[in-house]
Amino acid sequence: MKNILVLHTGGTISMQEDTQSGAVAPSLDHPLMDFTEAFKNLAYITTKQPFHLPSPHIRPAEMLTLKNLIEAECKQQSFNGVVITHGTDTLEETAYFLDLTLNIHIPIVITGAMRSSNEIGSDGLYNFISAVRVACCNEAKDKGVLVVLNDEIHAAKNVTKTHASNVSTFQSPQFGPIGLVTKREILFHYKPLYREKYDIEQISKRVALLKAYAGMEADVLDAIDDKKYDGVVIEALGQGNLPPCCLPGLKRLRKANIPIIVVSRCFKGVAQDVYDYQGGGKQLKEMGVIFSNGLNGQKARIKLLIALTKTTNQNKLSQIFQDPVCENEN
Ligand code: ASP
């Protein structure tokens, strides 16, 4: 028997549909709070509910609370795994935050649901059971934070919510799931190669996330400086290009030493300094814009929030956003 810590944080998995109006809202009592019967021969469950929020209400402050709680609980008791239930809207951000900040070797698994607890085809209980099964699995250790929904196991770094309502919403667009949940087994196929850890105690910086578009102008970027943000992530066009009208805004941010991270607004591929024209990636890099290797915008923002607690030095930030590459490609 394994010892599993379950942390319920809210989300659709904890909600109920009003059968008259069809509106979905948090229910007073979490429907999974005392659920243990499927785990009789598998695990002892210890349940806590640090907060009960729809995931659009979750901020980095709650993510830090979760990290601290997991560390404190694991110090007190020897758990074999942790399962977190969470709203799906920002689940990938919490998963990546914990992936970057927790230095714990037992499986940490996050799950949620697309259909609330009393809806036809509700996926909450099924996903919860799957998540506990994965957390009980020795193979799930040391693979970083895992996201388990709809019979798939994804790495926190790559997974993203791809569909507004479909139960197969969580996908890892470039890489696919790292494992599968079947009726009888938990099957892993890959292990994430590179892991990073940042030891943080507080999170206080403000980082904005902008999406580039045809005709984007500099005043949008001016607002980042005016409003005293500590950094900005831009989902740039294609391989990492921006409209030339943005350039004065980018120059202003660099002059104010506000870090600018560029990712691609394409959901696959990597932003790089390839194009050599006004606003092209090459020019952006020369201006001091930092290119991130393949993270989506919301994850690059989480990473910058964490990185800024360690350093505001431009070179160090560049290194943090540079994934290891093969030696002969350096
Ligand atoms: N809006 C809900 C939330 O993120 C969606 C969900 O949980 O699936 O809390």
Side-chain angles (χ1 to χ4, degrees), residues 55-56 58-60 89-90 92-93 96-97 157-164 169 171-174 205-308 312-323:
S55 78
I58 292 202
R59 303 159 302 167
D89 290 349
T90 62
E92 64 190 89
E93 282 150 275
Y96 190 49
F97 182 96
K157 185 175 178 184
N158 302 323
V159 73
T160 191
K161 184 173 180 178
T162 63
H163 195 289
T169 183
Q171 305 286 333
S172 298
Q174 320 227 46
K205 305 287 182 176
R206 297 200 317 140
V207 173
L209 171 60
L210 299 177
K211 184 173 197 145
Y213 45 87
M216 183 181 186
E217 290 176 272
D219 51 2
V220 180
L221 295 162
D222 291 340
I224 303 292
D225 192 20
D226 291 343
K227 298 289 173 195
K228 304 272 168 279
Y229 277 84
D230 301 291
V232 62
V233 174
I234 307 176
E235 291 183 10
L237 308 171
Q239 288 202 50
N241 310 305
L242 287 169
C245 290
C246 288
L247 292 174
L250 294 174
K251 279 185 195 136
R252 176 172 163 189
L253 295 185
R254 286 309 307 129
K255 209 165 155 211
N257 208 22
I258 296 173
I260 308 163
I261 310 295
V262 154
V263 301
S264 175
R265 77 172 191 179
C266 302
F267 75 102
K268 286 186 180 181
V270 172
Q272 290 178 335
D273 54 334
V274 173
Y275 285 95
D276 193 5
Y277 53 70
Q278 279 277 94
K282 203 163 174 291
Q283 196 181 51
L284 302 185
K285 191 150 192 186
E286 278 157 17
M287 286 171 68
V289 166
I290 298 169
F291 283 72
S292 163
N293 274 353
L295 289 173
N296 69 20
Q298 54 272 33
K299 295 221 184 121
R301 176 179 170 271
I302 292 290
K303 188 168 180 178
L304 183 56
L305 275 173
I306 291 168
L308 283 171
T312 51
N313 177 281
Q314 172 77 6
N315 290 335
K316 289 195 178 138
L317 287 173
S318 292
Q319 276 165 23
I320 285 174
F321 276 89
Q322 190 66 58
D323 268 350

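Bear in mind the structure is a predicted one, so any value in this text is a computation, not a measurement.
A cation-pi geometry, defined here as NZ or CZ lying under 6.0 Å from the six-membered ring centre and within 45° of its normal, does not hold between K303 and Y96.
With hydrogens and angles ignored, the 3.5 Å screen pairs a side-chain donor or acceptor of T90 with a backbone N or O of S55. Without hydrogens or angle criteria, E92 side chain to K161 main chain gives a donor-acceptor distance under 3.5 Å. Between the R206 side chain and the K227 main chain, a donor and an acceptor come within less than 3.5 Å of each other. The backbone N or O of G269 lies less than 3.5 Å from a partner atom in the side chain of Q174, making a donor-acceptor pair.
Under the side chain to side chain contact (heavy atoms under 4.5 Å, CB included) rule, L221 has a single partner from I260, L250, D226, which is L250.
Residue F267 places its CZ atom among 12 or fewer non-hydrogen atoms of other residues, nucleotides or ligands, all under 6.0 Å distant.
No side-chain heavy atom of H163 sits under 4.5 Å from any side-chain heavy atom of Q171. Using a 4.5 Å heavy-atom cutoff, the side chains of N296 and E235 are not in contact. When side chains are defined from C-beta on, D225 does not count as touching K255, because their heavy atoms never get closer than 4.5 Å. Looking at F291 and L284, their side chains come closer than 4.5 Å, going by heavy atoms from C-beta outward. Counting only heavy atoms from C-beta outward, the side chains of I261 and F321 approach each other to under 4.5 Å. Annotation: side chain of K157 is not in contact with side chain of K299 (no heavy-atom distance under 4.5 Å). Between L317 and L308 there is a side-chain heavy-atom pair separated by less than 4.5 Å. A heavy-atom distance below 4.5 Å is found between the side chains of V233 and V207.
Taking NZ from K282 and CG from N241, the interatomic distance works out to 12.5 Å, rounded to the nearest 0.5 Å.
For the pair C245 and M216, the tightest heavy-atom approach, listed with the atom from each and the gap, is CB-O, 3.5 Å.
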